[in-house]
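Step one of this worksheet: look at the structure below.
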Amino acid sequence: MRLATLALLATAPAAAQEMFHANSAHTGVYAAPGPRQLGGVKWTFKGGGPIVTSPAIAEGVVYIGAMDGHLYAIAQENGQEKWNFKSKMPIASSPAVAGGVVYFVSSAGSLAALEAATGKPKWVFPTEYERKFEAKHLHGYPPDAQTIPDAWDIFTSSPTLANAKVYFGSGDGNVYALDAETGVLQWKFATKDVVHSSPAVVDRTVYVGSWDSYLYAIDAESGQQRWAFKSGEDDVIHNQVGFQSSPAVVDGTVYVGCRDAHVYAIDAATGRKKWDYPTSKSWVISTPAVSDGMVYLGTSDSSRFMALDAKTGRLRFNFDAKAYVFSSPALAGGLAYFGDHNGKLYAVDARTGKLARDFRTEGSKKDPFKVLNDGSLNRDAFKPLFGDFQDMYLDFNRFISIGAVVSSPAVDRGVVYFGSMDGNLYALQ
């Protein structure tokens with residue numbers, strides 16, 4: 001993509017999301033149906049900064065982090081704030097909740113555990129450091145010799161709860177397993193680059209991708225490697241490389257997207273590739289949702305939301321999303337809900353791919369910099385200003401201005417919840 005421009009912890013998914021993408025397998029499937037009309041706003045909560053994280057819902061409370069450094073606890077019924085916790089840095093990690101504790105990865109380089117009732121810290125585990133993926137001549141931007149942090153490395157790893165442990169990746173290149181009650185380190189596993197993928201944990205195995213181009217399977221108890229799957233490389237401009245997507249594991253198969261412009265289906269036991277689907281040089285940041293023999297995900301530059309056959313990888317349908325899709329889909333009641341960089345939340349029929357309904361964020365309605373052109377991106381608004389890597393950061397701020405939805409929705413009690421770069425958490429019914 002070129003853009004210049006603790007058995008309790010391992011329970012099956014309930015109606016409410018308690019961690020990123022619904023459950024420890026990251027299937028993105030919700031038991032309860034979603035809203036009938038996306039135009040019906042139940043409530044809107046205004047945070048202090050852009051929201052790129054996804055909500056976790058437990059015991060009538062919605063938890064979400066924002067780029068203003070706050071983790072918010074919001075009453076699910078009326079959208080009223082119950083408490084907030086201030087971190088030192090912006091929060092780009094989606095929270096996980098279990099056993100009365102909220103966990104998130106801090107951009108300052110630690111995993112924090114907060115009391116769900118009060119927001120008070122229970123314990124904090126420091127990693128070595130946190131950072132974005134970076135490389136020289138990144139995406140072809142000059143100067144060639146300068147190491148550039150990637151503005152599109154938006155998310156930090158979201159923690160996963162299973163086996164009485166909390167698992168997460170770090171910008172220091174390690175995957176960590178901590179005791180969920182005490183925060184005591186159980187093991188850490190070293191990769192060769194940043195780990196911002198959220199681990200999927202199934203059958204005592206941790207599956208997680210790294211920016212080093214490998215997807216790893218790690219023993220959940222010992223931290224020993226079981227296998228490693230190698231994806232594509234890009235040693236010149238480091239554009240088509242790295243796992244930013246998180247894996248989903250269903251029926252012995254790991255489904256994952258990659259910035260090398262492929263979707264992979266990998267045997268969970270052996271690490272052997274079953275199939276791959278090329279996406280015309282478009283990144284796959286979206287974490288796949290998997291249900292009823294179908295795999296759902298979005299792409300970047302080709303602006304597609306698509307469904308693939310889970311067994312063969314054959315395309316089942318394409319939906320023109322008009323802009324980049326980093327949001328991971330939620331499946332509920334026969335619909336797939338996902339966000340878009342154009343400031344829309346879409347609901348499409350999960351069988352046919354036809355649009356059922358959509359919703360525009362407040363930022364996209366205002367569009368102060370005229371970034372949009374009837375839902376598509378206005379290319380004239382993305383013309384380079386500096387002619388170097390600084391243009392990448394300008395583009396990021398343009399998406400903030402229109403309330404781009406990179407947050408992944410959660411569905412509960414007939415309501416869909418998602419964050420937006422316009423700083424709002426929306427609850428639609």
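Heavy-atom basis, side chains included; hydrogens, waters and symmetry copies ignored. Because the structure is a prediction, the values reported are computed rather than measured.
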* **Steps toward side chain to side chain contact (heavy atoms under 4.5 Å, CB included) verdict (F326, S300)** => CA-CA 7 Å; F326 283 18; S300 61; 4.2 Å; yes
* Asked: Where do V41 and L428 land on the side chain to side chain contact (heavy atoms under 4.5 Å, CB included) test, with the steps shown first?
  -> CA-CA 5 Å; V41 180; L428 306 183; 3.8 Å; yes
* To do: With side chain to side chain donor-acceptor pair (under 3.5 Å) as the test, would you mind laying out the steps for D251 and T253 before giving the verdict?
  => CA-CA 6 Å; D251 296 333; T253 303; over 6 Å; no
* To do: Using the ring pair (Phe, Tyr, Trp, His ring centres under 6.0 Å) rule, take F20 and H26 through it: C-alpha gap first, then chi angles, then the decisive distance, then the call.
  => CA-CA 7 Å; F20 174 72; H26 294 340; 5.5 Å; yes
* Between T270 and D267, is a side chain to side chain donor-acceptor pair (under 3.5 Å) present by the stated rule, with each step listed? -> CA-CA 6 Å; T270 65; D267 187 282; 3.2 Å; yes
* To do: Apply side chain to side chain contact (heavy atoms under 4.5 Å, CB included) to D422 and E362, showing your working.
  => CA-CA 7 Å; D422 64 14; E362 290 302 313; 3.9 Å; yes
* To do: List the steps, then state whether side chain to side chain contact (heavy atoms under 4.5 Å, CB included) holds for D340 with Y324.
  => CA-CA 6 Å; D340 192 296; Y324 315 131; 5.9 Å; no
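There is no side-chain donor-acceptor pair under 3.5 Å between T279 and H262. Counting only N and O atoms by type, the side chains of T27 and N23 include a donor and acceptor under 3.5 Å apart. Neither side chain, T205 nor D203, offers a donor N or O lying under 3.5 Å from an acceptor on the other. With 3.5 Å as the limit, one finds no donor-acceptor pair spanning the side chains of Q186 and D179. Defined by atom type and a distance below 3.5 Å, a donor-acceptor pair is missing between the side-chain atoms of S246 and S198.
No side-chain heavy atom of V62 sits under 4.5 Å from any side-chain heavy atom of Y72. Contact annotation: the side chain of L215 approaches that of I266 to within less than 4.5 Å [non-hydrogen atoms, C-beta and beyond]. No side-chain heavy atom of L111 sits under 4.5 Å from any side-chain heavy atom of V124. Side-chain contact between F317 and T352 is absent, with no heavy-atom pair separated by less than 4.5 Å. In this structure the side chain of R304 reaches within 4.5 angstrom of the side chain of L315, judged on heavy atoms. No side-chain heavy atom of Y296 sits under 4.5 Å from any side-chain heavy atom of R316.
In this structure, F168 and Y176 have parallel ring planes: the angle between them is below the 30° cut-off, well short of the 60° mark. Between W275 and Y255, the ring-plane angle classifies as tilted under the 30° and 60° cut-offs.
When each of I285, V325, V284 is checked for a side-chain contact (heavy atoms from CB on, under 4.5 Å) with L297, only V284 meets the rule. Evaluated for a ring pair (Phe, Tyr, Trp, His ring centres under 6.0 Å) with Y426, the options F45, Y337, Y417, F359 yield exactly one hit, F359. The only option from Y167, Y216, Y214 that meets the ring pair (Phe, Tyr, Trp, His ring centres under 6.0 Å) definition with F189 turns out to be Y216. Shown are Q244, K132, E130; of these, the side-chain hydrogen bond (donor to acceptor under 3.5 Å, both in side chains) with H196 is made only by E130. A side-chain contact (heavy atoms from CB on, under 4.5 Å) with L161 holds for exactly one of V97, V166, V201; it is V166.
When every heavy atom of S408 is checked against every heavy atom of S327, the shortest pair comes out as CA-OG, 3.7 Å. Nearest heavy atom pair, residue L331 against residue S291, reads CD1-CB, 3.6 Å. Residues F229 and G271 approach most closely at CD1-O, 3.6 Å, considering heavy atoms. Here the closest heavy-atom approach between residue S24 and residue A162 is recorded as CB-CB, 4.4 Å. The two atoms that bring N342 and G375 nearest to each other are ND2-O, 3.0 Å, heavy atoms only. Among all heavy-atom pairs drawn from L335 and A356, the shortest one is CD2-CB, 3.8 Å.
D367 places a side-chain N or O within 3.5 Å of a backbone atom of V371 that can act as its donor or acceptor partner. Side chain of S94 to main chain of S158: no donor-acceptor pair is present (N/O by atom type, distance under 3.5 Å, no hydrogens or angles). Side chain of W187 to main chain of A220: a donor-acceptor pair is present (N/O by atom type, distance under 3.5 Å, no hydrogens or angles). In this structure, D212 contributes its side chain and T191 its backbone to no donor-acceptor pair below 3.5 Å. Between the S213 side chain and the G242 main chain, no donor and acceptor come within less than 3.5 Å of each other. For S222 (side chain) and Q224 (main-chain N/O), a donor-acceptor pair under 3.5 Å exists by modelled atom type.
Between K122 and E181 there is a salt bridge, since a side-chain N of the basic residue sits under 4.0 Å from a carboxylate O of the acidic one. Using a cutoff of 4.0 Å between basic side-chain nitrogens and carboxylate oxygens, R314 and D309 are not scored as salt-bridged. Ion pair R259/D150 flagged as a salt bridge, since at least one NZ, NE, NH1 or NH2 atom sits closer than 4.0 Å to an Asp/Glu carboxylate oxygen. Taking 4.0 Å as the cut-off between side-chain N and carboxylate O, R131 and D193 count as a salt-bridged pair. The pair R413-E77 does not meet the salt-bridge criterion, since no charged nitrogen lies less than 4.0 angstrom from a carboxylate oxygen.
With rounding to the nearest 0.5 Å, the separation of CD1 in I148 from OH in Y393 is 7.5 Å. To the nearest 0.5 Å, the span separating OG on S407 from CG on N424 amounts to 12.0 Å. How far NE2 of H341 is from CD1 of I402: 8.5 Å, rounded to the nearest 0.5 Å. Taken to the nearest 0.5 Å, the NE2 atom of H70 stands 4.5 Å off from the CG atom of N84.
Heavy atoms of other residues, nucleotides or ligands lying less than 6.0 angstrom from NZ of K230 number more than 12. Taking a 6.0 Å sphere around NZ of K311, one finds it holds 12 or fewer heavy atoms contributed by other residues, nucleotides or ligands.
Between F338 and F305, the distance from one ring center to the other falls under 6.0 angstrom.
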